[in-house]
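Please read the structure below before turning to the comments.
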Amino acid sequence: MRNSRVTLKDIAAKTGYTINTVSRALKNKDDISLQTRQKIQEVAKEMGYIGDSIAGALRSGHSKTVAVILGDISNPHFAIIVREIETGLRRHHYSTFIINTDENPENEAEAIRLALSRMVDGIIICPTQQSDENLTFLINQNIPFVLIGRHFIGRDDCATSVVCDDFMGGRLATEHLLGLGHRNILFLNGPLFISSASERLAGYKEALISAGLAFDERMVREVPIVAGDCKHVIDEVVQDKIQFTAILAFSDLIAYEAMYALQLHGFQNPRDYAIVGFDNIQSKFLFPFPLTSIGSSKTTMARRAVNLLLEALNSNKPIVHQEIVLKARLIVRASSSYRVDSI
DNA sequence: TTCAACCTGTTCCGCCTCCG
DNA sequence: CGGAGGCGGAACAGGTTGAA
């Protein structure tokens, strides 16, 4: 059954031109005279015409839409990145289709299928990484995609990625705390199948070893990276009587949750311990807790991802995959002002 | 169960007109 | 006569629907 929506056919009937001419006039094609274009555009406006982009995509094979698939859009880090991506894509007349996976590989597989079924032209994805099954599926679909924030170690030849220098980030953060006299640094890390978690851990170890300290695996605790699940890890740490004077957190969000959970056990920052997060979300949001953090420019990360994807979309040549590694920076704030040698 | 028709907009190709 | 501009015809994309 036909709905009441105005189509090219209606405009063609009203103006006396064919559907073809109407379509091209509305696209402002220069093989249609300016006078005809203006007339058709005027009638289309009067009739309230809104193009059917799905029909257009069906024929042209391009929807001018990019899917952005992320693990947890409630994390401000991702929210900032999404905003930058959306702005960048809009500048090039692409719309953005955001899908959240909750860091669940099954949701991720469904998200990819949904994006493909909507005929998106490309995908920017922060992969869940529990396996490389979804990566393989993406590669086999032959659709341009860019990994953001994480990469598949050993498979950089088949996927383009934009990441932060996580190894250096882990090292910088740990060296900062060591420099403040801390020797017992608790690392609330993400699951190790995530590239950023394994590389930050490598940086953490490297800093300890360079300082002549032994790596103690009891000081590394795995925290689920979806927001709101850090408290029980802190409860365990307190229960196990783990001695620490400083904390390195996998993300700022985990750092905030840890600070909250520790407060319930009577620990106050910065009075009782120093803490360093990751992502530097305070570069864009104002929080009442000045958190020392490792960051790389989220704007640069998003722009590079968008540009790499657009290059792939606009190029007829096979994609040359590359890994872009952005420099990690330490931003010192009051949360790490506690020094061990000050007591 | 099969298959044609349909939906809507785009693209390729070609025709007609006009002008120099 | 030839080239350029302006426009139209037909094919087509892939999923859905309904008739045979």
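What you see is a predicted model; the values in this text were computed from it and never measured. Every chain is numbered from 1 and lettered A, B, ... according to where its sequence line falls, protein lines coming before strand lines.
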Query raised in the report: When you check every protein heavy atom under 4.0 Å of nucleotides 14-20 of chain B, what one-letter string (B, S, -) results, 5' to 3'?
Result: -------
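With respect to A:Asp121 and A:Lys64, no salt bridge is recorded, no charged nitrogen being found less than 4.0 Å from a carboxylate O.
Here the two rings, on A:His182 and A:Tyr338, have centers that are under 6.0 Å apart. In summary, the aromatic rings of A:Phe187 and A:Phe250 are positioned with their centroids too far apart to meet the 6.0 Å limit.
Judged as a side-chain hydrogen bond (donor to acceptor under 3.5 Å, both in side chains), and not counting sequence neighbours, the contacts of A:Ser33 are A:Thr36. Taking the side-chain hydrogen bond (donor to acceptor under 3.5 Å, both in side chains) definition, one finds that A:Asp102 meets it with A:Asn100, sequence neighbours left out.
When all heavy atoms are compared, the tightest approach of A:Ile294 to A:Ala328 is CG2-CB, 4.0 Å.
Following rounding to the nearest Å, A:Ile32 (CD1) and B:dT10 (C1') show an atom-to-atom distance of 13 Å. For the pair A:Met119 CE and B:dT10 C1', the interatomic distance rounds to 12 Å; values are reported in whole Å. Straight-line distance from the CG atom of A:Asn28 to the C1' atom of C:dG6: 15 Å, rounded to whole Å. Rounded to whole angstrom, the span from the CG atom of A:Leu8 across to the P atom of B:dG9 amounts to 4 Å. In this structure, A:Lys29 places its NZ atom 16 Å from C1' of C:dG5, rounding to the nearest Å. Between the P atom of C:dC7 and the CG atom of A:Asp30 lies a distance of 12 Å, rounded to the nearest Å. Residue A:Ile19 contributes atom CD1, which lies 14 Å from atom C1' of C:dC12 at whole-angstrom precision.
Using a 4.0 Å heavy-atom distance criterion, A:Ser23 is classed as a base contact.
Between the side chains of A:Gln41 and A:Asn28, at least one donor N or O lies within less than 3.5 Å of an accepting N or O.
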Report task. Check step by step if side chain to side chain donor-acceptor pair (under 3.5 Å) holds for A:Asp235 and A:His265. Result -> CA-CA 8 Å; A:Asp235 291 345; A:His265 289 283; 2.8 Å; yes
Requested in this report: For the pair A:Arg155 and A:Thr136, evaluate side chain to side chain donor-acceptor pair (under 3.5 Å) and give the outcome as yes or no after the intermediate values.
Outcome: CA-CA 10 Å; A:Arg155 296 197 68 179; A:Thr136 305; 3.3 Å; yes
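Considering only side-chain N and O atoms, A:Lys27 lies under 4.0 angstrom from the phosphate OP1 or OP2 of B:dT10.
Five base pairs at each end of the helix from B:dT1-C:dA20 to B:dG20-C:dC1 define two local axes, and these are offset by 50° (rounded to 10°).
Shown here is A:Glu236, whose CD atom has more than 12 heavy atoms of other residues, nucleotides or ligands within 6.0 Å.
A heavy atom lying under 4.0 Å from DNA chain C marks the following residues of residues 49-64 of chain A, by number: A:Leu58, A:Arg59.
Other members of the hydrophobic cluster containing A:Val325, listed by chain and number, are A:Val163; membership follows side-chain contacts under 4.5 Å among ILVMFWY residues, whether direct or relayed.
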